[in-house]
Amino acid sequence: MKTMIHGGDIYSARERFSGEILDFSANINPLGMPVSAVAAAKKAIEECEHYPDPLCRTLTSAISEKEGVSSSQVICGNGAADLIFRAALALHPRRALLLAPSFAEYAQALAVVGCETSCHFLREQDGFSLTAEILPKLTAGIDLLFLCNPNNPTGEVIEPSLLEKILRRCREQDIFVVLDECFCDFLEEPEIYTQVGQLAQYPNLLILKAFTKIYAMAGLRLGYALCGEKMGRAMEQCAQPWSVSIPAQAAGLAALEEKDYLIRTKELIRTQRKGLKEGITSLGWRVYGSKANFVFFRAPGQGNLKARLEEKGILIRGCGNYPGLDESYYRVAVRSPRENQMLLAALKEQAQN
């Protein structure tokens, strides 16, 4: 059987476990899809005898208004992963620099285009925070830099002053920057960390966002990129036709109208994340970063924790397959109060064994 490198594989779990499955391995909004988005997607099924709008015109216009950018700077895709691969195809870099640990899809997309990659390793003694030590590595020999802010799996953010230095240096060295902000909306003050307002200043910048996490639309697959018009045209040429379905476009439009849903999301994540971090720390395990909707921690001596919890129908993300980490690191999503309490009880039981 193929081994999945990401979380969220409830299908394999269902083959092994017949009871309720609690999925903490995928970082999805615990509120579930907004009711309005579900209704819009259902109604849109009636239109599926037609091809979807390949340009996502109505959705693109709504996103441009929300983000305060031109419609020509918005590219919609089949989730952020689709756009990561498109960016790699459009740029076709020879050498790229990645952070480690970070999202695995970046390296996979670069491998498809034969790009040579090197890693800048985040260190435990720095709390897995990015430091200015990356700056000397940003030389003319690098074509592309991938950054994730907040980072996955650590949930740590890049300090705005450092990110400004990185962007400035990359512009000077002609390095293109792909900045993944898919978890930015879960931060306490996302406006401090987003770089959408810097797009005009940095034509070498592309920002990734997704409906997947914040609107719990992982199964519908909808993401978007914000970039300069030249990069946007290049990415459009690398896209398959009709990459965003009619239901996904309709659900995205409805989700963008949600206001109270986002307020409730922020409050739920804030309180439940605090409880999870405190509960995990009380077990003697160390929590790092964890400023988004997931908690990243180390549990020494618990290398088979993931497998033991799976036997109880609880899925967590083992992080041993991230470069720079070993089997003692884990990531768990912030879920509902009931689910989080069940997770903490199971973790406590395992810690005492």
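Side chains are part of it too, since the values below use all heavy atoms of this structure and drop only hydrogens, waters and symmetry mates.
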Examine distances only and state if a side-chain atom of Q73 and a backbone atom of S70 form a donor-acceptor pair shorter than 3.5 Å. yes

Beyond-backbone contact of R86 with S243, side-chain heavy atoms, under 4.5 angstrom: yes

Reported CG-to-CD1 distance for the pair L226 and I207, which is rounded to 0.5 angstrom: 6.0 Å

Is it the case that more than 12 heavy atoms not belonging to E65 sit under 6.0 Å from its CD atom? no

Does any non-hydrogen side-chain atom of C184 lie less than 4.5 Å from one of N149? no

Does the distance from a Lys or Arg side-chain N to an Asp or Glu carboxylate O, for R338 and E20, drop under 4.0 Å? yes

Nearest 0.5 Å, please: how far is CG in L122 from CG in L99? 5.0 Å

So if you build clusters from Ile, Leu, Val, Met, Phe, Trp, Tyr with side-chain heavy-atom gaps below 4.5 Å, do I280 and L325 land together? yes

Side chains of S290 and V287, heavy atoms from C-beta outward: is any pair under 4.5 Å? yes

Evaluate the criterion side chain to side chain contact (heavy atoms under 4.5 Å, CB included) for residue pair R221 and D82; output intermediate values, then yes/no. CA-CA 9 Å; R221 311 304 306 137; D82 171 35; over 6 Å; no

Among the clusters formed by ILVMFWY side chains lying less than 4.5 Å apart, do L205 and L130 turn up in the same one? yes

To the nearest 0.5 Å, what is the distance between SG (C48) and CD1 (I45)? 4.5 Å

Passes side-chain hydrogen bond (donor to acceptor under 3.5 Å, both in side chains), D126 versus T131? Steps please. CA-CA 8 Å; D126 296 324; T131 70; 4.8 Å; no

With sequence neighbours left out, what residues match R298 under side-chain contact (heavy atoms from CB on, under 4.5 Å)? E124, Y288, P300, D326, S328, Y329

Run the numbers on E257 and S36 for side chain to side chain contact (heavy atoms under 4.5 Å, CB included), then give the verdict. CA-CA 9 Å; E257 295 294 322; S36 63; over 6 Å; no

Where do G223 and L83 come nearest, in terms of heavy atoms and distance? C-CD1, 3.6 Å

With distance as the sole criterion, is a donor-acceptor pair present between the side chains of E339 and S336 under 3.5 Å? yes

Salt bridge (charged side-chain N to carboxylate O under 4.0 Å, His left out) filter on E133, not counting sequence neighbours, yields R123

So, using side-chain contact (heavy atoms from CB on, under 4.5 Å) as the criterion, who are the partners of P30 when residues are at least two apart? L268, I269, R335

Considering non-hydrogen atoms only, spot the tightest contact between M33 and A216 and give its length. CG-O, 2.9 Å

Side-chain heavy atoms of F297 within contact of V332, under 4.5 Å: yes

Is the NZ atom of K277 crowded by more than 12 outside heavy atoms at less than 6.0 Å? yes

Is the shortest heavy-atom distance from the side chain of C170 to the side chain of F176 under 4.5 Å? no

Could you give the distance from SG (C182) to OH (Y224), rounded to the nearest 0.5 Å? 9.0 Å

Report yes if the side chains of I84 and V178 come closer than 4.5 Å at any heavy-atom pair, otherwise no. no

Listing request: all side chain to side chain donor-acceptor pair (under 3.5 Å) pairs with a residue in residues 168-179, at least two apart in sequence or in separate chains. E164-R168

Going from OG1 on T154 to CZ on F128, what distance comes out if it is rounded to the nearest 0.5 angstrom? 8.0 Å

Using the rule given for salt bridge (charged side-chain N to carboxylate O under 4.0 Å, His left out), can you reason through R270 versus E267, listing the C-alpha separation, both sets of side-chain angles and the distance that settles it, and then say yes or no? CA-CA 5 Å; R270 180 186 302 114; E267 180 59 28; 2.4 Å; yes

In the hydrophobic cluster built from side-chain contacts under 4.5 Å, what are the other members alongside I192? V157, L187, Y193

Decide, yes or no, whether a salt bridge links K306 with E311 under the criterion of side-chain N to carboxylate O below 4.0 Å. no

Evaluation steps, side-chain hydrogen bond (donor to acceptor under 3.5 Å, both in side chains), between T58 and Q249: CA-CA 8 Å; T58 306; Q249 292 186 41; over 6 Å; no

How close do A225 and L208 get, heavy atom to heavy atom, and via which atoms? CB-CD2, 4.3 Å

Compare every heavy atom of Q198 with every heavy atom of Q201, then report the nearest pair and how far apart it is. OE1-OE1, 2.7 Å

Path from L135 to L147 over hydrophobic side-chain contacts below 4.5 Å: yes

If the threshold is 4.0 Å, N to carboxylate O, is there a salt bridge linking D143 and R95? no

Heavy-atom neighbours of K266 NZ exceed 12 at 6.0 Å: yes

For R264, I'd like to know if atom CZ has over 12 heavy atoms of other residues, nucleotides or ligands within 6.0 Å. yes

Donor-acceptor pair, distance only, cut-off 3.5 Å: does the side chain of N293 make one with the backbone of N27? yes

Rest of the hydrophobic cluster containing Y51 (Ile/Leu/Val/Met/Phe/Trp/Tyr, side-chain heavy atoms under 4.5 Å)? W242

Please answer: with hydrophobic residues joined when any side-chain heavy atoms are less than 4.5 Å apart, are F85 and V244 in the same cluster? no

Ignoring hydrogens and angles, tell me if any N or O in the side chain of T60 forms a donor-acceptor pair with the backbone of R57 under 3.5 Å. no

Evaluation steps, side chain to side chain contact (heavy atoms under 4.5 Å, CB included), between V177 and L167: CA-CA 8 Å; V177 180; L167 291 175; 4.1 Å; yes

For the pair L91 and L206, evaluate side chain to side chain contact (heavy atoms under 4.5 Å, CB included) and give the outcome as yes or no after the intermediate values. CA-CA 11 Å; L91 293 166; L206 180 144; over 6 Å; no

Quick one: are the ring centres of F294 and F183 less than 6.0 Å apart? yes

Let me confirm one number: the SG-CE distance from C76 to M235, rounded to the nearest 0.5 Å. 10.5 Å

When you measure from the side chain of N204 to the backbone N and O of I175, does any donor-acceptor pair fall under 3.5 Å? yes

Testing the basics here: between C115 and P93, what is the closest heavy-atom pair and its distance to 0.1 Å? CB-O, 3.4 Å

Is the shortest side-chain heavy-atom distance between P34 and Y215 below 4.5 Å? yes

In terms of heavy-atom contacts, L253 and A62 come closest through CD2-CB, 3.7 Å

Honestly curious: do I28 and M342 fall in one hydrophobic cluster under the side-chain, below-4.5 Å linking rule? no

Atom NZ of K66: over 12 foreign heavy atoms under 6.0 Å: yes

Are the charged groups of K291 and E156 less than 4.0 angstrom apart, N to O? yes

With the side chain counted from C-beta on, respond yes when Y106 and D180 share a heavy-atom pair under 4.5 Å apart, and no when they do not. yes

